[in-house]
Amino acid sequence: MPNSPLLLIVDDSRTSRLLIRAIITSLRPQWRVLEASNGAEALQHMDVDPADYISMDVNMPGASGLEIAAQIRLQHPATRIVLCTANIQESVRHSAAHAGLAFVPKPVTERSVRESLAFWEESHA
Amino acid sequence: MNVKDGLPWENQPWLLDHLEIGIMVLNHDQKILLWNRWMERHSGLPAASVLGKMPGQFFPELAGSRLEGAIGCALEHRLASLLSPGLNAPVLRLYHRPEHRHTDQRLPQLTHVIPIPGTPKRCLVQIQDVTASTRRETLLRTQSARLRDSTYRDALTGVGNRRKFNETIAAEFRRAIRNKSPLGLLMIDIDHFKRYNDTHGHPAGDACIKKVSNALMETLRDSGDLVARYGGEEFAVILPETTLEAARLVGERLRAQVESCTQQDPLGQVTVSVGVASLQPHIGTDLSQLIAAADSALYCAKSLGRNRVQTSDDAS
Amino acid sequence: MISLDELQQDALSEIFNIGVGRAAGALSQILGDDIALSSPSVRLMPISEVQSLLAGRESTHYSAVSQQFSGPFQAEAVLIFPESNALLIVTHMLGNHLAPDELAEYEQEVMCEVGNVILNACVSILSDLFHVEFTGGLPSHQYHASDLFNIQIPGNRDHILVLHVQMSIQNQQIEGQLLYLLSVESLQLLMEYLDRYLQEQGLQ
């Protein structure tokens with residue numbers, strides 16, 4: 001299906017990537033899902049095959065998810081990005097809101113993924 | 001004593017009411033099940049008026065506080081928490097004495113939040129009034145601050161003493177090495193002080209030293225430079241990040257200030273001689289080089305006729 | 001000796017990462033400052049090797065806060081700060097107006113509370129994800145040991161779960177290392193819960 005939405009999961013934890021992928025696969029079987037374990041990999045993916053939606057961790061080795069999200073938004077303003085992070089401090093929520101990103105706290109559960117879905121699909125309603 | 005439901009302490013109402021700590025038991029829905037007499041006394045709220053209500057209704061500051069989080073943690077996860085008065089402002093409106101209520105001077109609180117075993121989930125909030133120990137700590141802190149202060153202050157003039165000078169110059173010297181910045185030093189001596197003392201007596205001599213130190217302090221006021229009494233009639237001024245030329249200008253300002261402020265003095269004019277040195281130390285430089293350079297510049301100023309400023313490169 | 005496979009290792013790291021994130025949230029609320037806690041590295045090791053994690057660092061004294069947890073299995077969690085870091089944290093929290101000897105007096109209480117926040121957060125995530133319930137006791141400031149061997153950790157000293165976390169208080173550039181030791185009566189049981197969780201999520 002050429003027009004099926006593409007989701008990019010950026011997270012250094014394999015468990016979290018697997019969890020998000022498993023839940024998405026059951027809730028949106030038609031979606032394509034790509035994974036990146038750090039920011040640099042995510043940028044490469046975006047060059048080759050820009051994703052419609054991104055689930056972005058914040059604390060990763062190398063550049064932080066906030067920085068990467070900002071870079072991606074410059075080149076791909078239409079991509080909708082959710083920060084999915086264990087870092088629940090007020091300052092991160094604030095930065096997310098400021099940068100036009102959604103904020104969904106970990107742990108990854110069906111509920112947290114549904115929350116992300118609501119944000120990703122909001123504009124397509 | 002007011003208890004609802006069958007709780008393990010039901011048979012000990014006397015005990016609970018005679019504890020010198022506050023006891024509040026919350027049900028799983030955060031409603032108050034127990035409120036001992038200590039709580040009544042220090043909150044001014046009788047048990048009958050609070051039982052079955054949530055503490056947030058009469059302790060508005062609870063909303064969003066760490067105590068609220070701790071209660072949630074105990075009721076949801078059965079985990080105990082400790083809230084120390086050092087890190088937490090007193091959230092609960094509890095007063096050591098009734099009159100403190102008017103100024104909202106709350107008693108300092110050491111709070112433990114402890115989950116109660118069994119179902120439904122409940123938790124015990126235990127509050128200790130640490131007024132006495134807080135007061136003791138504050139007192140100790142004030143005393144030790146005063147003590148610390150007096151060990152570094154010259155009793156006559158109120159400027160730093162020799163010990164303060166030694167510690168400050170050593171620290172500034174290390175900082176100058178680290179920052180690769182120059183460190184300036186002035187040595188200031190009251191001219192003909194022995195003669196002044198002999199002529200006018202020791203009390204007048206003391207007053208003269210005070211006058212000079214006030215003039216120095218006045219001139220250096222907002223600069224953050226340190227004035228210290230180095231010896232009997234000798235002062236030192238430490239000038240961080242100051243080159244020789246800049247230090248000489250400071251020295252000249254100080255000399256002029258002493259001269260002008262004692263011009264009308266009935267006991268006669270007082271003047272000072274100033275020795276100026278500055279160096280940019282590196283690892284291996286000895287601090288005594290700087291002090292020796294300022295000292296010999298001062299000696300030079302004295303021998304060239306006093307009431308003058310001399311730099312170390314003129315001296316050498 | 002029990003060992004962790006790659007997924008178990010990653011899952012435990014992520015679980016405690018979430019716990020540490022919760023702790024940072026709570027601590028930043030207390031401090032009014034941003035706290036950066038690094039993702040923990042999780043390892044299973046005998047107590048004798050824990051010492052080497054801290055060896056070579058400038059501080060040889062440690063400040064330890066411990067807390068007992070009981071539930072499906074007994075656990076004791078110990079949080080270890082090199083002492084110099086503990087003092088920095090206390091200084092930051094209480095302001096700079098205290099002399100070093102006074103700081104030491106406050107250290108116990110403040111470290112207890114900081115430890116309490118971190119230890120509770122890490123245990124609460126376990127109970128959330130594993131659907132089990134632990135009851136947590138109050139923290140105690142245990143030891144000022146110059147040697148980690150003096151730190152009494154009950155249970156099997158061959159199987160200690162060690163989390164190594166870097167902590168910095170952002171506006172103050174205070175950096176601290178902290179070690180979180182979880183000594184469980186039965187590590188086997190912890191692993192069973194972990195595997196069950198992974199299976200439930202369809203990952204194993």
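All values derive from a computational prediction rather than experimental measurement. Just so we're on the same page: letters track the sequence lines, and every chain starts at 1.
In terms of heavy-atom pairs under 4.5 angstrom with chain A, the leader among Ile15(C), Asp10(C), Leu7(C) is Asp10(C). For the options Ile88(A), Ile23(A), Thr15(A), heavy-atom pairs under 4.5 Å to chain C are most numerous at Thr15(A). By number of non-hydrogen pairs under 4.5 angstrom with chain C, the leading residue of Glu110(A), Arg14(A), Arg21(A), Glu90(A) is Arg14(A). Of the listed residues (Gly19(C), Ala26(C), Ala11(C), Gly25(C)), the greatest number of heavy-atom pairs within a distance under 4.5 Å of chain A belongs to Ala11(C).
Side-chain contact annotation: Ser124(C) with Arg22(C), donor-acceptor N/O pair under 3.5 Å present. Side chains of Ser16(A) and Glu14(C): a donor-acceptor N/O pair is present below 3.5 angstrom, by distance only.
Remark: Glu122(A) engages Arg80(A) in a salt bridge, criterion side-chain N to carboxylate O under 4.0 Å.
Residue Tyr197(C) touches chain A through its side chain alone, counting heavy-atom pairs closer than 4.5 Å. Of the two parts of Ile125(C), only the side chain, counted from C-beta on, holds a non-hydrogen atom closer than 4.5 Å to a non-hydrogen atom of chain A.
Using a 4.5 Å heavy-atom threshold, the side chains of Ile54(A) and Ile72(A) count as touching.
Ring geometry, Phe69(C) versus Phe134(C): the interplanar angle exceeds 60°, so the pair is classed perpendicular (tilted spans 30 to 60°).
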